[in-house]
Amino acid sequence: MRILMISNHLGVQSGVQRYVQNLLLNLDTAKYHIDLFVGQCPADQASTAPVLEAHGVHIIAVPDNKKDRIRALAAHLRTHKDYDIIHYHTASKIGAPVCGMMRLLCPRAKIVVHSHIVYPPLTLTWRAAHGVYQLFADYFLGCGVAAGRFVFGDHIDEKPNFSVACNAVDAGRFHPDAAARAATRANYGIADTDRLAGFVGRLNHQKNPLFLMEVFAAMAAQDVRWKLLLVGTGEKEPEMRAAAEAHGLTDRVIFAGVQSDVPAFMNAFDLFLLPSNFEGSPVTLVEAQGCGVPCLASTNVPDEGSVTELVHFLPLAAPLTEWAAKADEIAVGGDHADHWQTLAAAGYELKTAARRMEQLYDKLGDRA
């Protein structure tokens, strides 16, 4: 079976790309011939390409620019019309006409569109996109029901051609690891008596990192043992550094940059902070739970990925002192407990999720 998978880019910071990598590494590439059409890796990130290619995925990397990617996709489909399935990961309105283009250029393929975002407000142009997606796509996936409804329509989850594809993670990587916790904390000078809050992701508007810095300042004012470790880079980093300096916290905030061994950092944290402005169903929230880390997120983060008692939510409008008090309450410190029995039962174990995706491909492929 020939599958074209379309994603954003090859960088490691994107939650969508991490999900795509996780999925592809657990699909049977002897049975499924997979082409990954994707933007080139950003210069500030490591590429996921080597490990994917080693697994048998053929990568078609094009300039990491929306307009250039669409032109390149059209050119590719004009000469490659033999795909059985096109699996399109989308988080935008522009994906709707792209879906129509794919239907025109590759009429025999079954088109699977996969939503990864909830980004209010729901405008008239989004509602128009709902109709276009439903006109041209064959099957709809969402990282959660909320993400499916936002991108594809209010009642998409009531249709038989919709299902949730959990942002599952690898239990073999994301699990409590006391040795990794101790080593990572030692590498960054974090004492056993220190309390370490952490963040993993892009330092951009979506993740609300300047508010995160305000939350941390309130936490630090309440307890001098708190430190903050940030894994990732982004356009808000200079402002975050300035905010840390303004609060007198430069010696307590660590900018670790992009890191490949995310599980080691998750294990080092006593608390994972995710005060996002908007999300679909963040992979990092599942990764943190897999490592047994207490999580404090904004209510703008859909609660579908909150499947253990580790996750707590507060509105962005809540006083910073309330965020600090909740952080103090839930971050118990010490080695983390294993919660994989609960996560696996909720469908967040990666190999099981990959088998379910293969079953969907087989069902759709039989109808081609």
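Residue numbers run from 1 in the order of the sequence given. What you see below is based on every heavy atom in this structure, not just the backbone, and it leaves out hydrogens, waters and symmetry mates.
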- Note on the structure: Closest non-hydrogen contact found for Phe150 with Tyr119 is CZ-O, 2.9 Å
- Any pair with a residue in residues 204-222 that passes salt bridge (Lys or Arg N to Asp or Glu O under 4.0 Å), sequence neighbours left out, goes on the list, sorted by first then second residue, please. Lys207-Glu279
- Query: Quick one: which of Thr284, Leu296, Asn300 gives a side chain to side chain contact (heavy atoms under 4.5 Å, CB included) with Leu274?
  - Reply: Thr284
- Between Leu73 and Val98, what is the shortest heavy-atom contact and its length? CD2-CG1, 3.9 Å
- Item | Lys351: salt bridge (Lys or Arg N to Asp or Glu O under 4.0 Å) partners, not counting sequence neighbours | none
- Note on the structure: Hits for side-chain hydrogen bond (donor to acceptor under 3.5 Å, both in side chains) against Thr90, two or more places apart or cross-chain, chain-then-number order -> Tyr133
- Residue list, salt bridge (Lys or Arg N to Asp or Glu O under 4.0 Å) with Arg252, at least two apart or on another chain: none
- Which distance, rounded to the nearest 0.5 Å, do you find between the CG of Leu310 and the NE2 of His339? 4.0 Å
- Query: At their closest point, which heavy atom of Pro302 faces which heavy atom of Gly280, and how far apart are they?
  - Reply: CG-O, 2.8 Å
- Euclidean distance, Ile3 CD1 relative to Ile85 CD1, rounded to 0.5 Å: 5.0 Å
- Message: Keeping Gln289 on the side-chain end and Cys295 on the backbone end, is there a donor-acceptor pair under 3.5 Å?
- Response: no
- Query: Are more than 12 heavy atoms from other residues, nucleotides or ligands located less than 6.0 Å from atom CG of Asp251?
  - Reply: yes
- Item | Qualifying residues under salt bridge (Lys or Arg N to Asp or Glu O under 4.0 Å), relative to Glu53, sequence neighbours excluded | none
- Among Glu235, Arg202, Lys236, find the residue that satisfies the side chain to side chain contact (heavy atoms under 4.5 Å, CB included) test when tested with Pro209. Lys236
- Message: By the definition salt bridge (Lys or Arg N to Asp or Glu O under 4.0 Å), identify the one residue from Arg108, Lys363, Lys110 that meets it with Asp84.
- Response: Arg108
- Message: Using 30° and 60° as the class boundaries, would you call the ring planes of Tyr361 and His87 parallel, tilted or perpendicular?
- Response: perpendicular
- Item | Residue pairs fulfilling salt bridge (Lys or Arg N to Asp or Glu O under 4.0 Å) with at least one residue in residues 283-305, sequence neighbours excluded | Arg18-Glu287
- Is Asp68 reaching over with its side chain to a backbone N or O of Val62, donor-acceptor style, under 3.5 angstrom? no
- Query: Under the side-chain hydrogen bond (donor to acceptor under 3.5 Å, both in side chains) test, which residues partner Thr250, sequence neighbours left out?
  - Reply: none
- Message: Taking the side chain as everything from C-beta on, heavy atoms only, tell me whether Leu141 gets closer than 4.5 Å to Phe152.
- Response: no
- Between the CG atom in Leu350 and the CG atom in Asn26, the distance rounded to the nearest 0.5 Å is 4.0 Å
- Item | Spatial distance of atom CG (Leu36) from atom OG (Ser7) [nearest 0.5 Å] | 6.5 Å
- To the nearest 0.5 Å, atom CG of Leu4 lies from atom NE2 of His76 at 5.0 Å
- Item | Test side-chain hydrogen bond (donor to acceptor under 3.5 Å, both in side chains) applied to Asn161 - qualifying residues, sequence neighbours left out | none
- Query: How would you list all residue pairs meeting salt bridge (Lys or Arg N to Asp or Glu O under 4.0 Å) that involve residues 261-270, not counting sequence neighbours?
  - Reply: Arg181-Asp270, Arg185-Asp270
- Query: For the residue pair His58 and His33, does the interplanar ring angle fall in the parallel (under 30°), tilted (30 to 60°) or perpendicular (over 60°) class?
  - Reply: tilted
- When the ring planes of His114 and His116 are compared, do they come out parallel, tilted or perpendicular, using 30° and 60° as the limits? parallel
- Query: Counting only heavy atoms not in Ile60, do more than 12 fall under 6.0 Å of its CD1?
  - Reply: yes
- Should the pair Trp323 and Phe211 be assigned to parallel (<30°), tilted (30 to 60°) or perpendicular (>60°) ring geometry? perpendicular
- Query: Sequence neighbours excluded, which residues qualify as side-chain hydrogen bond (donor to acceptor under 3.5 Å, both in side chains) partners of Ser298?
  - Reply: none
- Message: Nearest 0.5 Å, please: how far is NE2 in His130 from CZ in Arg149?
- Response: 11.5 Å
- Shortest non-hydrogen contact from Phe269 toward Val231: CZ-CG2, 4.4 Å
- Considering residues at least two apart in sequence or located in another chain, which fulfil the salt bridge (Lys or Arg N to Asp or Glu O under 4.0 Å) criterion with Lys93? none
- Query: Minimum heavy-atom separation for Leu10 to Ala61, with atom names?
  - Reply: CD1-CB, 4.2 Å
- Derivation and outcome, salt bridge (charged side-chain N to carboxylate O under 4.0 Å, His left out), residues Glu237 and Arg241: CA-CA 6 Å; Glu237 183 174 334; Arg241 289 183 180 272; 3.0 Å; yes
- Can you pull the salt bridge (Lys or Arg N to Asp or Glu O under 4.0 Å) pairs that have at least one residue in residues 169-178, sequence neighbours excluded? none
- Can you check whether Ala109's main-chain N or O pairs, donor with acceptor, with Arg103's side chain at less than 3.5 Å? yes
- Looking only at heavy atoms, what is the nearest atom pair of Met213 and Ala243, with distance? CG-CB, 3.8 Å
